[in-house]
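Notes for the one structure printed next.
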Amino acid sequence: MKKVMMGLMVVLMIFAVALPTQAAVNIQKQHINGLPKTAYANGVGKPSMIVLHETANNSATIENEVSYMSRNWQNAFVHAFASDGKVIEIADTNYTAWGAGSVANRYAIHVELVRKGNFTKAYGNWLDAAVYYAKQYNIPMTFNTGKKGFVTHAWVSDQLGGTNHQDPIAWLKQNGVSMTQLEKDLKAKYRGDTIVSPSTPPVTETPKPNVPSNIVVGAKVKVLPSAKKYATGQAIPAFIKGSQYTILQTKADRVRLSGINSWMYNRDVEVMKTTVVPPVTSKKVYLPATASTWRIYGLRVSPVKVNTKAFLKPAKFGGLSYTILKSRGSDVYEIQTSQFGRVQIYASPATGATIK
């Protein structure tokens with residue numbers, strides 16, 4: 001009888017080890033159709049980092065965030081959102097997302113913390129989801145140390161580049177969670193312990209209503225010299241002030257600007273009075289899948305080889321297409337890219353590109 005019992009226990013132990021990792025919170029999969037399937041640097045299904053984000057939007061529910069991203073993923077997208085009631089996965093975690101610059105994206109799963117609702121519950125779900133993904137892909141419990149483990153979006157900006165966001169530092173701090181505490185809570189979740197932070201009540205900001213009628217997508221604005229901080233909390237560099245940008249997205253009290261791809265409060269920008277926003281054309285430029293790379297250029301330079309800003313990779317995605325925002329003549333067009341903002345592209349028929 002003892003041998004039978006011991007054998008049964010061994011079988012149960014083996015079965016338990018063989019079970020897939022289970023999340024402490026229910027993760028609902030609502031994958032967006034049409035997302036690119038790009039392998040990580042180490043291969044499909046082999047991420048090595050978890051990038052921790054927060055949405056910087058006090059009024060948007062998790063459903064609002066998912067809905068917006070499903071319509072605008074060509075600009076940027078993450079893998080999952082966590083709120084006080086649920087976690088929604090919108091992109092297959094076996095493939096990359098466009099959440100924190102080209103370097104980090106090649107290694108990272110991106111998880112966003114939704115502001116609206118009960119902070120303590122949302123924070124717990126956010127950590128649960130991040131740790132679940134880490135264990136699913138054997139990502140180690142390290143914090144802000146490199147391309148393996150958990151990192152904040154702010155760490156990516158400071159160490160890897162390709163982005164300038166400083167989340168989730170400011171929002172966590174407002175709710176009583178320091179970076180030291182975040183690391184402790186991640187470690188506790190990773191071990192399976194119960195976390196107790198934050199110890200302070202959640203902070204709720206009231207968004208400013210009545211967005212001015214001229215604060216619209218496509219309008220050109222100038223960042224005022226008096227502007228001090230981005231809507232996400234980090235200081236605005238001096239070279240940003242006085243510069244002109246195009247509004248890519250609007251929310252209750254803030255706008256997201258091209259070029260810097262950052263959120264600014266409405267009070268810190270001025271709509272250019274003489275600016276006439278060019279209408280978006282109904283035509284698109286199609287780059288063939290046979291082209292391994294395609295040069296793009298900044299808006300203030302001549303579109304010649306020496307002024308190359310970056311390269312698109314049509315072959316990697318089976319071809320690429322972009323809406324033409326403006327024709328500059330001589331087969332030069334302005335387009336909006338997810339990683340490099342608004343740029344120029346040369347697309348004459350001789351290059352293999354087509355305009356439809």
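Residue indices begin at 1 and follow the sequence shown.
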Exercise for review: Given side-chain contact (heavy atoms from CB on, under 4.5 Å), test Leu186 with Met141 step by step and report yes or no.
Suggested key: CA-CA 8 Å; Leu186 280 168; Met141 181 53 249; 3.9 Å; yes

Exercise for review: Please report the C-alpha distance between Val221 and Glu270 in whole Å, then the side-chain angles of each, then the deciding distance to 0.1 Å, and finally whether the side-chain contact (heavy atoms from CB on, under 4.5 Å) criterion is met.
Suggested key: CA-CA 5 Å; Val221 297; Glu270 177 185 6; over 6 Å; no

Exercise for review: Using distance alone, with no hydrogens and no angle criterion, decide if His79 and Asp92 have a side-chain donor and acceptor under 3.5 Å apart.
Suggested key: no

Check your understanding: Does Asn105 reach the side chain of His110, with side-chain heavy atoms less than 4.5 Å apart?
Key -> yes

Check your understanding: Would a distance-only check, ignoring hydrogens and angles, find a side-chain to backbone donor-acceptor pair under 3.5 Å from Trp126 to Phe81?
Key -> no

Practice item. Step through it carefully: locate the ring centre of Phe77, locate the ring centre of Trp98, and say whether they are under 6.0 Å apart. Key: yes

**Study point:** Partner residues of His153 under the side chain to side chain donor-acceptor pair (under 3.5 Å) criterion, sequence neighbours left out
**Key:** His53, Thr163, Asp167

Practice item. For residues Leu320 and Leu312, determine if any side-chain heavy atom of one lies less than 4.5 Å from a side-chain heavy atom of the other. Key: yes

**Study point:** Residue pair Gln74 / Tyr322, side-chain donor-acceptor N/O under 3.5 Å
**Key:** no

Practice item. Indicate whether any N or O donor in one side chain lies under 3.5 Å from an N or O acceptor in the other, for Ser48 and Lys148. Key: no

Check your understanding: With no hydrogens and no angle check, do the side chains of Thr308 and Arg295 hold a donor and an acceptor under 3.5 Å apart?
Key -> yes

**Study point:** Criterion side chain to side chain donor-acceptor pair (under 3.5 Å) against Thr93, the qualifying member of Tyr132, Tyr133, Tyr137
**Key:** Tyr137

Point to revise | Shortest non-hydrogen contact from Pro47 toward Ile109 | key: CG-CD1, 3.7 Å

Review point. Between the main-chain N or O of Trp155 and the side-chain N or O of Asn144, is there a donor-acceptor pair closer than 3.5 Å?
Key: no

Check your understanding: Taking a hydrophobic cluster as the set of Ile, Leu, Val, Met, Phe, Trp and Tyr residues connected by side-chain heavy atoms closer than 4.5 Å, whether directly or through intermediates, do Leu257 and Leu299 fall within one such cluster?
Key -> no

Practice item. Taking atom types as modelled, find out whether Asn64 and Thr61 have a side-chain donor-acceptor pair closer than 3.5 angstrom. Key: yes

Check your understanding: Does the Thr145 side chain pair with the main chain of Thr142, one donor and one acceptor, at a distance under 3.5 Å?
Key -> no

Practice item. For Lys309 and Phe340, indicate whether the former's side chain and the latter's backbone hold a donor-acceptor pair under 3.5 Å. Key: yes

**Study point:** Tyr95 side chain to Pro36 backbone, donor-acceptor under 3.5 Å
**Key:** no

Check your understanding: Do you reckon Val87 sits in the same ILVMFWY cluster as Val131, going by side-chain contacts under 4.5 Å, direct or chained?
Key -> yes

Check your understanding: Given the rule in the side-chain contact (heavy atoms from CB on, under 4.5 Å) test, do Val78 and Met69 qualify, once you have shown the distances and angles that lead to the verdict?
Key -> CA-CA 9 Å; Val78 296; Met69 196 156 284; 3.9 Å; yes

Check your understanding: If you take all heavy atoms of Ala91 and Glu89, which pair is closest and at what distance?
Key -> O-CG, 3.4 Å

Check your understanding: With a 4.5 Å limit on heavy-atom distance, are the side chains of Trp171 and Lys173 in contact?
Key -> no

Point to revise | Non-hydrogen side-chain atoms of Gln344 and Arg328 separated by less than 4.5 Å | key: yes

Check your understanding: What is the ring orientation for Phe119 with Tyr123, classed by angle as parallel under 30°, tilted 30 to 60°, or perpendicular over 60°?
Key -> parallel

**Study point:** pair Val343-Tyr297: side-chain heavy atoms closer than 4.5 Å
**Key:** no

Point to revise | In one Ile/Leu/Val/Met/Phe/Trp/Tyr side-chain cluster, 4.5 Å: Leu172, Ile50 | key: yes

Check your understanding: Cut-off 3.5 Å, side chains only: do Ser102 and Arg106 have a donor facing an acceptor?
Key -> no

Check your understanding: Honestly curious: do Tyr333 and Trp294 fall in one hydrophobic cluster under the side-chain, below-4.5 Å linking rule?
Key -> yes

Check your understanding: So, does Ser321 use its side chain to make a donor-acceptor pair with the main chain of Val285 at under 3.5 Å?
Key -> no

Check your understanding: Does some side-chain heavy atom of Ile90 sit less than 4.5 Å from a side-chain heavy atom of His31?
Key -> no

Point to revise | Any donor-acceptor pair under 3.5 Å from Trp263 side chain to Tyr230 backbone | key: no

Check your understanding: What about Leu182 and Val51, same hydrophobic cluster or not, with Ile/Leu/Val/Met/Phe/Trp/Tyr joined at side-chain heavy-atom distances under 4.5 Å?
Key -> no

**Study point:** Close side-chain approach of Lys283 and Lys356, heavy atoms under 4.5 Å
**Key:** no

Review point. Aromatic rings Phe150 and Tyr190: how do their planes relate, parallel, tilted or perpendicular, breaks at 30° and 60°?
Key: perpendicular

Review point. Tyr245 ring centre to Lys222 NZ or CZ under 6.0 Å, with the angle to the axis within 45°?
Key: no

Practice item. List in chain and number order the residues that pass salt bridge (Lys or Arg N to Asp or Glu O under 4.0 Å) with Asp158, two or more places apart in sequence or in another chain; answer none if no residue qualifies. Key: none

Point to revise | Basic-acidic side-chain contact under 4.0 Å: Glu63, Lys86 | key: yes

Check your understanding: Any side-chain heavy-atom pair from Lys241 and Ile236 closer than 4.5 angstrom?
Key -> yes

Practice item. Measure from the side-chain N and O atoms of Asn72 to the backbone N and O of Tyr68, and report whether any donor-acceptor pair falls under 3.5 Å. Key: yes

**Study point:** Nearest heavy atoms of Leu325 and Ile335, plus distance in Å
**Key:** CD1-C, 4.0 Å

Practice item. Would you check if the side chain of Ser157 reaches a backbone N or O of Gly161 as a donor-acceptor pair within less than 3.5 Å? Key: no

Point to revise | Which residues share a ring-ring contact (aromatic ring centres under 6.0 Å, His included) with Phe143, sequence neighbours left out | key: none

Review point. In Å, rounded to the nearest 0.5 Å, how long is the span from CD of Glu54 to CG of Asn57?
Key: 9.5 Å

**Study point:** Pair Thr232, Gln234: side-chain N/O donor-acceptor within cut-off below 3.5 Å
**Key:** yes

Check your understanding: Between the main-chain N or O of Arg256 and the side-chain N or O of Gln249, is there a donor-acceptor pair closer than 3.5 Å?
Key -> no

